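These notes concern the structure reproduced below.
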Amino acid sequence: MASNSNPDPNSTEEAHKSLRHSLLGPSLLKAGQDRVNQQKVGEIIYNASKGSKFFKHEERRDEQLTKRIEGILKRKKELEALDLSVYVKKVDEQIAALEASRDLSQTIVHVDCDAFYASVEELDRPELKEVPMAVGGGVLTTCNYKAREFGVRSGMAGYIAKQLCPHLIFLPLNFEKYGQKAEEVREVLAKYDPRYEAGSCDEAFLNITKYLEEHPEMTPDTATEQIRAEVFAHAKITVSAGIAPNARLAKIASNQNKPNGQFRIQPTVDAVRTFMSTLPVRKVNGVGRVFERELQAIGINTWGDVHPLRHLLQPLFSEKLASFLLNCHLGLGRTHVHPVDEYERKSIGTESTFSDLRGPDPLRAKLRSTAVELEKDLANAELKGRTVNLKVKLHTYEVYTRQKALGRAICTAEELYNAALPLLAGLEVEFRPLRLRLMGLRMTQLVDANRGPGRLEELFKNAGTAGAGKRKRERDDEGWEVWPEEEFTQMKAASGEQEEDILLLSQHEVVDSDEEEGEETSAAAAAAAEVAVNSKNANAPEQAPEEERWPCPICTRMLPAEDALFNEHVDFCLSRETIKEAVKGSSGPPDPPEKVQQHQQQEKRPRKIYHIPLMP
DNA sequence: TTAGGAAGGACCC
DNA sequence: CCCCAGGGTCCTTCCTAA
């Protein structure tokens, strides 16, 4: 929208530019790899992906984003016409407070393995070091530096990589191997900080403050060099590291000198803020493709650019986001690290991609196999879940999820399948011929499999208390001092640092894109009902002898006082809840009359415009 | 009003 | 074999039951 404001002569050109940029991926900024003829690479990638369904989908998303950005710009314009001095003042106070909370006393190190998977493979087959090589199939998980010279990068489609680098060698993933190697690396890290925080197997945070105290002869730099050297000696793996007064900065720093190097950000306000002032926004962890574009649109390219616009952050984005931006601008971040197993897992699931799948039977077969997979994972983790989540990706790459709270924790493939089937059935009706390229199942509301509420009484007892499942992983295998959870949170509270760390962005204020096509979701519930009935003998309890009886908490019907049967019925009722509107009476089998319109009537009502809260 | 369910996304590795 | 994964976390918005 710069020069010519014509309808759409060159607009496609414009659009493709940003798209091309996004296709090029984060590598050009995130990773330190430059010096590649990015023009050429971009061209190749663009041409290679052009016309594919994936590309089409990306285009649609890109258009949406563009629209959203227009909205943001409009609001910005409106805001600038107002007198926002109060805001400036308020934000400045906020900044002062943040600044006052700054803690530069800790020395945090972020250790990051270089092209981890590829490096591990090279250990087994040294000859691979000399040639471009990548790990992964359809999508590259990672690739060695030789391959990167061709513009190949992790996260790239395999066939595109092949075009960039015809001789590229592909290796299959071998997680066993990587896991072992990661363990070797960690053995070294633990010596410097027993409470190191392992990220995803190829990276970790260490707080070496204590270590430095105990080794006065060492500096942060020499200590880190020693860590890296020792890792290399022990695991034959080269790592990069970042040293900084907080985790966020350390993470950024470790990327600064990527292949086998390290970088330190001095623990002074000056050094930190100077560093941030020229740092591209995308370099920070929570800023991805989308947010980067939004920020750039309003004139924020580096973190230094935030300051002049600081008063617009709040009204333009959400509160959380505004706070996040300020924190980054100031170069603040968390100053503690702790073992990941003091962490509660929130969900567990599995998904898989396949070629165009359609038809009731194939889809059900896939659902079944997915359920079987998930059952294994659940068993492995000794977990049950109380909410099923079905995820589906159409052949057009559009993703939809349907979830259902069950009110009871389940874990067997059979249960999973039965719980998810109605969801699938609903989708089948929503999208006439349902054509999928991906299906996934995920459980949330996890509880410990060993003492999950299997009985109804507990169910209702727990219903109120959120997050009833309080199982903690007690892997004492490490043997390190295990801090009680409370103590930990107390400390956190006491230290007064706000934990807005891994803040993730999302569509802050969708300004509304009116491109929905009202689908006829009509028969969905009907089908779901049908399935629910057919799926099992869930409607049996009716004809039971009349001895002791319990009332169903859902439909109030009296039921035989027999655990299995009773639970089964309640399950049925719970699942029926969603479609209860389809059922006229509360008695009798659900014969689907006319269906719920719930989804239809929620139209597009006028969205509330931003509002500026009145300042006192 | 509020809490929690549901759906959609952004982002990370 | 698919010619752009899979495992997770967290944030937002909408909606409804209590």
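Throughout, protein chains are lettered first and strands after them, A, B, ... in sequence-line order, and every chain is numbered starting at 1. All of these numbers come straight from a predicted model, not from anything done at the bench. These numbers come from the heavy atoms of this one structure, side chains and all, not from hydrogens, waters or symmetry mates.
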Quick one: salt bridge (Lys or Arg N to Asp or Glu O under 4.0 Å) partners of A/Lys393, sequence neighbours excluded? none
Do any side-chain nitrogens or oxygens of [X] fall under 4.0 Å of OP1 or OP2 in [N]?
X: A/Ser318; N: C/dT12; value: yes
X: A/Lys404; N: B/dA6; value: yes
X: A/Thr353; N: C/dG6; value: yes
X: A/Arg282; N: B/dC11; value: no
X: A/Lys50; N: C/dC3; value: no
X: A/Tyr343; N: C/dC10; value: yes
X: A/Lys53; N: C/dC4; value: no
X: A/Tyr159; N: C/dC2; value: no
X: A/Arg345; N: C/dG8; value: yes
X: A/Arg442; N: C/dG7; value: no
X: A/Gln445; N: B/dG4; value: no
X: A/Lys346; N: C/dC10; value: yes
X: A/Thr401; N: B/dG8; value: yes

Using a heavy-atom cut-off of 4.0 Å across all strands, would you classify [X] as base, sugar-phosphate, or nothing?
X: A/Asp202; result: sugar-phosphate
X: A/Thr350; result: sugar-phosphate
X: A/Gly158; result: nothing
X: A/Ser352; result: sugar-phosphate
X: A/Lys391; result: nothing
X: A/Phe116; result: nothing

So, are A/Glu373 and A/Lys376 salt-bridged, with charged N and O less than 4.0 Å apart? yes
Hey, are A/Arg402 and A/Glu430 close enough for a salt bridge, meaning a charged N less than 4.0 Å from a carboxylate O? yes
Whole-Å gap separating [atom2] ([N]) and [atom1] ([X]):
X: A/His57; N: B/dG8; atom1: NE2; atom2: C1'; answer: 11 Å
X: A/Leu173; N: C/dC2; atom1: CG; atom2: C1'; answer: 15 Å
X: A/Arg437; N: C/dC3; atom1: CZ; atom2: P; answer: 6 Å
X: A/Glu292; N: B/dG9; atom1: CD; atom2: P; answer: 21 Å
X: A/Arg68; N: C/dT13; atom1: CZ; atom2: P; answer: 11 Å
X: A/Tyr117; N: B/dC12; atom1: OH; atom2: C1'; answer: 12 Å
X: A/Met156; N: C/dC2; atom1: CE; atom2: P; answer: 20 Å
X: A/Leu164; N: C/dC4; atom1: CG; atom2: C1'; answer: 13 Å

Taking the P atom of each, how far is C/dC2 from C/dG6, in whole Å? 14 Å
Give me the distance, rounded to whole Å, that separates C/dA5 from B/dA10 when you measure between the P atoms they each carry. 15 Å
Go nucleotide by nucleotide along DNA chain B from the 5' end; which of A/Glu203 and A/Val388 gets its closest nucleotide reached first? A/Val388
Between A/Thr387 and A/Val399, who's closer to the 5' end of DNA chain B by nearest nucleotide? A/Thr387
Name the residue closer to the 5' end of DNA chain C, choosing between A/Ser347 and A/Leu438 according to the nucleotide with the nearest heavy atom. A/Leu438
A/Tyr400 and A/Phe431 aromatic centres sub-6.0 Å: yes
Can you tell which of [options] lies closest to the side chain of [X]?
X: A/Ala405; options: B/dC13, C/dT12, B/dG5; result: B/dG5
X: A/Lys251; options: B/dA10, B/dC13, C/dC4; result: B/dC13
X: A/Ile348; options: C/dG8, B/dA6, C/dA5; result: C/dG8
X: A/Asn285; options: C/dC4, B/dC12, B/dA6; result: B/dC12
X: A/Ser200; options: B/dC13, C/dC4, B/dG8; result: B/dC13

Taking the cut-offs as 6.0 angstrom to the six-membered ring centre and 45 degrees off its axis, would you call A/Arg60 and A/Tyr397 a cation-pi pair? no
Under 3.5 Å, is there a donor on one side chain and an acceptor on the other for A/His57 and A/Glu398? no
Could you check whether A/Thr238 and A/Asp114, counting side-chain N and O atoms only, form a donor-acceptor pair closer than 3.5 Å? yes
Among residues at least two apart in sequence or on other chains, which ones pass side chain to side chain donor-acceptor pair (under 3.5 Å) with A/Gln163? none
